[in-house]
Amino acid sequence: MRRIIQKPTSKNHSKKGFTIMELSLGLAFISSLLVMVSIISIHISTTYHKGLVIRAVNSTGRLLVDDLSRTIAAAPARALTDICRAEYASDKAEMQKCLNDNARMYVYQQNYGTVRLRSSGSLLQNVPTNGVFCTGRHSYLWNTGYVLNSEDYELVSGAAATFNDGQSAEKKDFKLLKIEDSNRDLCYQHTLMHTTSTAQYDFDHTRNDFHLKGSISTELLEQSDDRLVLYDFVIFPVTQHSVTLHSFYSGTFILATERGSIDITGVGEFCKTPPTDGFSTDFTYCAINKFNFAARSTGQNRKGE
């Protein structure tokens, strides 16, 4: 029996693959793509959060304008000049100063001070620290971000206001209190007439302690993630109708976040914390806006007012 011996046939099996250079280029392309996607995602997230903060400032500012307008409208119609005639009856010269100013001191007072920006070391002089606005039915008492934010500002001169209602612990770190005050007591307390018993139309700018026993106070800027505070609050001179005695109030306030090392004394960018390369910082959560309001007091006097 014959054996059939077959010779093995050789087949050329070639294996194909990527070279090191091709793999390197591919990985570099994928890495670049991932970096671009990450940067775009961070930018979108930053823009989104910035928009939320701006919306919070605007919506809160509108609520404050509405509250101020309604409070002023409900305030009783009284002649502010009667305050001058009653307080300075013994000194005609000081009475005339009060009349010329339409007793503005008994409507609005604001204290100022100096702070140092911790980020740059620069001094911000004559910045608002605290103040009071009396409508004749309710009063507003505030501290600004310059005295509340010790992380960004070092207080050089001036101080935060305190309030004591005689019932609970003294309030220190409040932002904006609305207080029942039908006699303008908070605006009377620090006048030189009451603090020094001298008939001089001015108030003691060093006094920051306010008290009104038995009063009801409400914080209008509650603690939140947005950390909104006032940086300025100005009431312009009040005008009054000679017949109806309706008073016309107008004013402006600056509302912003605590974050961002805000400087309202400069020009350009008010948020002084520099932005970084897309990552969330205090600059991302910094927003500021200025609001104007105007209202007329048309309320009726209550019994005893």
Side-chain angles (χ1 to χ4, degrees), residues 53-80 83 101-112 127-148 161 163 174-187 210 215-222 224 226-241 244-258 262 264-265 270 286-301:
V53 175
I54 293 174
R55 186 177 68 176
V57 170
N58 292 335
S59 61
T60 303
R62 287 193 294 268
L63 290 175
L64 290 181
V65 168
D66 182 65
D67 187 273
L68 287 163
S69 300
R70 287 187 287 105
T71 300
I72 292 172
R78 297 179 187 171
L80 295 173
I83 300 176
D101 199 28
N102 198 23
R104 183 168 183 255
M105 185 178 67
Y106 295 93
V107 174
Y108 165 78
Q109 302 166 13
Q110 183 162 249
N111 290 316
Y112 297 82
V127 296
T129 55
N130 62 77
V132 60
F133 168 42
C134 304
T135 67
R137 183 64 53 77
H138 290 85
S139 293
Y140 294 87
L141 183 64
W142 64 88
N143 284 311
T144 69
Y146 291 117
V147 295
L148 293 175
F163 176 71
F174 58 86
K175 299 177 180 180
L176 176 61
L177 292 179
K178 182 179 181 180
I179 306 164
E180 289 188 1
D181 181 15
S182 58
N183 295 319
R184 302 178 188 267
D185 287 334
L186 295 182
C187 285
F210 293 84
S215 61
I216 299 175
S217 61
T218 305
E219 175 62 76
L220 298 183
L221 291 174
E222 295 287 353
S224 65
D226 300 312
R227 296 170 59 184
L228 302 183
V229 291
L230 292 171
Y231 281 86
D232 194 14
F233 196 143
V234 176
I235 300 296
F236 301 116
V238 180
T239 58
Q240 197 164 37
H241 196 280
T244 63
L245 299 182
H246 291 171
S247 297
F248 182 78
Y249 295 83
S250 60
T252 180
F253 62 88
I254 295 177
L255 181 68
T257 56
E258 279 191 57
I262 288 177
I264 63 172
T265 64
F270 295 103
C286 179
I288 183 172
N289 204 350
K290 188 175 184 178
F291 299 87
N292 302 312
F293 63 92
R296 183 179 60 175
S297 62
T298 58
Q300 299 295 322
N301 290 334

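Values below: every heavy atom of this structure, side chains too, minus hydrogens, waters and symmetry copies. Numbering of residues begins at 1 and proceeds along the displayed sequence.
Taking each heavy atom of L228 and V57 in turn, the nearest pair found is CD2-CG2, 3.6 Å. Between L68 and F253, the shortest heavy-atom distance links the atoms CD1-CE2, 4.0 Å. Here the closest heavy-atom approach between residue T144 and residue P128 is recorded as OG1-O, 2.7 Å. Summarising the geometry of A103 relative to L80, their closest heavy-atom pair is CB-O, 3.5 Å, with the distance given to 0.1 Å. For the pair F293 and T252, the tightest heavy-atom approach, listed with the atom from each and the gap, is CE2-N, 3.8 Å.
Judged by distance alone, with hydrogens and angles left aside, the side-chain atoms of R184 form a donor-acceptor pair with the main-chain N or O of C134 at under 3.5 Å. Distance alone, capped at 3.5 Å, is enough to place a donor-acceptor pair between the S297 side chain and the S247 backbone. Listed for the T129 side chain is a donor-acceptor partner under 3.5 Å among the backbone atoms of N111.
Using a 4.5 Å heavy-atom threshold, the side chains of D67 and K178 count as touching. Taking 4.5 Å as the limit, every side-chain heavy atom of T257 sits out of range of all side-chain heavy atoms of R227. The side-chain heavy atoms of D232 and V127, taken from C-beta on, include no pair separated by under 4.5 Å. At least one side-chain heavy atom of S69 sits less than 4.5 Å from a side-chain heavy atom of V65. In this structure, the side chains of E219 and K175 come closer than 4.5 Å at one or more pairs of heavy atoms. The shortest side-chain heavy-atom distance between I288 and I254 falls under the 4.5 Å cut-off.
Neither side chain, N130 nor N143, offers a donor N or O lying under 3.5 Å from an acceptor on the other. Using a 3.5 Å distance cut-off with no hydrogens or angles, the side chains of S215 and E180 do not pair a donor with an acceptor. Between the side chains of Y140 and T71, at least one donor-acceptor pair of N or O atoms lies under 3.5 Å.
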Handout entry: Residues L221, L64; criterion side-chain contact (heavy atoms from CB on, under 4.5 Å); working and verdict
Key = CA-CA 9 Å; L221 291 174; L64 290 181; 4.1 Å; yes
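Between F163 and F174, a ring centre-to-centre spacing not shorter than 6.0 Å is recorded.
One finds no salt bridge joining R62 and D66 here, because no Lys/Arg side-chain nitrogen approaches an Asp/Glu carboxylate oxygen to under 4.0 Å.
Under the ring pair (Phe, Tyr, Trp, His ring centres under 6.0 Å) rule, F233 has a single partner from Y108, F291, W142, which is W142.
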